[in-house]
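The structure under discussion appears below in the form of structure tokens.
Start at 1 and go down the list; that is how both ligands and their atoms are numbered. Here, residue 1 is the first one in the sequence, and each next residue gets the next number.
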Amino acid sequence: MHLELNFLIWKVVCVMSNKKEFLNLGKQPIANKFLRKNEFEDEFFYNLKVVFDDDTKLVSLKDFVKPELMFNEDYVYHTSLSVPMVEHFKNTAEMLMKEFNPLTVMEIGSNDGAFLKNWPNDYTIGVEPCGNFAKVTEDMGYQTYSEFWTTELSEKIKNDGHVDFDLIYAANCICHIQNLDECFAAVKNILSKNGVFVFEDPSLLRMLERGSYDQIYDEHAHIFSVTALDNILMNNGLKIFRVDNLSVHGGSNRVYVSHLPVHTFLRFRPVEISVRENLQREYDFGINNFQTYEMFSERVNKSKNDLVELLRELRFIRDKRIICIGATSKSTTVFNYCDIDESLIECITDTTPDKQGLLAPGSHIPVVDRESVNLNDYDYAFLGAWNFKDVIANKEREFVENGGKFITHVPEVMVFS
Ligand code: TMP
């Protein structure tokens, strides 16, 4: 009854809220649903539009995609296949251990255990709706709830005998959760009195600064500013006390959250200077003004025209061969928004075995193992994983030495070697 009432209130708030559309990225498929030819007919598409909420300052998708269509047994993004991300989570776990010394730890969105494996499994649990990954972490000895994060699940975890958690961590997961009030209420329900909730997601400010509109896809129900998070967390009895700016995933923010100190028995965590600095930087950039988003939309439109013009000239006029490196969710947005298919980009290399041999969502460009192609047969390589630009440029030095050039659209469409 309580949950039904929460849901009803959320619905009413959604209808009443002041959301304005500023970007239309057209018809898009499920960003991580790589497929076979015989699946084309049933491929799911939706309209990817983006809105700004004048009340909370939150940027979100206008229409959410059903979570079960994105996060299921077939989910292909393996964190542990990315060496830089494995290193990132190891360092993050060490830092959190040193600073907060938690006795109980839970990760929401534990994927294949890249963060969990840094913690003893007798006091650490995972929550992961994708069954294939939940099984991986269960096999590693971590109790894993293969469910979506809700208040109901937080109650179930308590009923299973778990005490409240000293550290709740989530990476690239909270921005996937459509109903944030429900999400934060569930966290508050199971966060110990002096516990910390730490989560990191792509930064709206970095996206706006860099023109990296490809951060927007079905899974990213929201692109967070510290400003919007501060408003929404506060409404849910939580407060941000620290923000770290990170370079991962093209620019992310890690926010540290505690209970609002409404009870005198709670230890007070002072709000650190990094919170004010981030809020100020966002304010100065115009994150609260709708005009900022209208300008961003114009920039995105120009980026599309520039990229299509460049690829067409290279391929159709100068007869150059173009490959893509990294079959990312981000590249799904770019290829579908810009109508790029195999006639422009012949294939995509990706290190993830689950993607290889399949066709990219919507564009149907073949995805191949990097080892199966000779990059020197190509003149240009589009960076689908532009966030790993330095790693890739370093790995592919031979391609550059042989005259190969890279193409990126971030921060603007350009060719470089
Ligand atoms: P991400 O940008 O969402 O982290 O995804 C990166 C994708 O790019 C992932 O599928 C692995 C792939 N990749 C490569 O194919 N080659 C590389 O050198 C790197 C760093 C990533």
Side-chain angles (χ1 to χ4, degrees), residues 28-35 70-71 74-90 92 109 111-112 114-115 130 132-133 170-176 200-203 206-207 210 212-221 223 246-252 254 322-336 345-361 363 365-375 378 381-400 404 406-410:
Q28 294 278 348
I30 300 293
N32 260 317
K33 180 81 184 92
F34 293 81
L35 67 177
M70 302 178 278
F71 309 112
D74 299 327
Y75 196 64
V76 288
Y77 184 83
H78 289 251
T79 308
S80 294
L81 290 177
S82 170
V83 176
M85 290 314 290
V86 169
E87 189 66 15
H88 170 76
F89 289 120
K90 182 170 175 284
T92 304
N111 195 271
D112 61 1
F115 177 78
C130 302
N132 49 341
F133 292 132
N172 306 303
C173 173
I174 301 301
C175 74
H176 294 177
E200 53 189 74
D201 288 291
S203 149
R206 292 303 281 143
M207 182 188 91
R210 289 185 149 170
S212 48
Y213 67 90
D214 51 352
Q215 290 287 7
I216 301 166
Y217 51 91
D218 52 357
E219 293 178 19
H220 289 173
I223 308 286
L246 311 171
S247 61
V248 293
H249 284 296
S252 300
R254 178 189 291 142
I322 311 167
I323 193 168
C324 170
I325 300 177
T328 56
S329 320
K330 295 186 283 295
S331 63
T332 297
T333 294
V334 176
F335 293 162
N336 286 278
I345 292 184
E346 290 178 48
C347 63
I348 309 172
T349 66
D350 199 284
T351 47
T352 312
D354 288 357
K355 298 181 186 178
Q356 295 161 2
L358 297 177
L359 301 150
S363 68
I365 301 173
V367 182
V368 297
D369 179 1
R370 169 66 189 84
E371 304 310 316
S372 72
V373 290
N374 182 358
L375 220 54
Y378 296 85
F382 177 76
L383 292 178
W386 55 263
N387 44 316
F388 290 116
K389 181 176 133 202
D390 294 341
V391 176
I392 294 170
N394 203 30
K395 258 202 263 183
E396 306 297 358
R397 264 179 301 194
E398 196 195 319
F399 168 66
V400 177
F406 295 111
I407 301 172
T408 186
H409 66 291
V410 177

Whether the [X] and [Y] side chains hold a donor-acceptor pair (N or O, under 3.5 Å, no angle test) is what I'd like checked.
X      : Y      : answer
His78  : Asn111 : no
Asp350 : Thr352 : yes
Thr332 : Ser329 : no
Ser252 : Arg206 : no
Glu200 : Asn172 : no

Requested in this report: Say whether Met85 and ligand 1 are in contact under the criterion: heavy-atom distance to a ligand atom below 4.0 Å.
Outcome: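 Not so, Met85 does not reach ligand 1.
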Query raised in the report: Measuring from the heavy atoms of His249, does anything fall under 4.0 Å of ligand 1?
Result: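 The answer is yes: ligand 1 sits under 4.0 Å from a heavy atom of His249.
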Report task. Check whether any side-chain heavy atom of Pro361 lies under 4.5 Å from a side-chain heavy atom of Ile30, and answer yes or no. Result -> no
Query raised in the report: Are Thr349 and Val373 close enough that some pair of their side-chain heavy atoms sits under 4.5 Å apart?
Result: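 Side chain of Thr349 against side chain of Val373, heavy atoms only: contact under 4.5 Å found.
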Mark up the atoms of ligand 1 that fall under 4.0 Å of a heavy atom belonging to [X], in ascending order.
X      : answer
Lys330 : 1 (P), 2 (O), 3 (O)
Lys395 : 16 (N), 17 (C), 18 (O)
Thr328 : 2 (O), 5 (O), 6 (C), 7 (C), 8 (O)
Ala385 : 8 (O)

Query raised in the report: Relative to each other, are the rings of His409 and Phe382 parallel, tilted or perpendicular (30° and 60° limits)?
Result: parallel
What do we get for [X] next to ligand 1 when only non-hydrogen atoms under 4.0 Å count, side chain, backbone, both or neither?
X      : value
Arg370 : neither
Leu81  : neither
Thr351 : both

Query raised in the report: Quick one: nearest non-hydrogen protein atom to atom 12 (C) of ligand 1, plus distance?
Result: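 Result: Asp350 OD2, 3.3 Å.
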Report task. Look at atom 4 (O) of ligand 1 and say which protein heavy atom is nearest, naming residue and atom and giving the distance to 0.1 Å. Result ->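 The protein heavy atom lying closest is Tyr77 OH, 3.1 Å.
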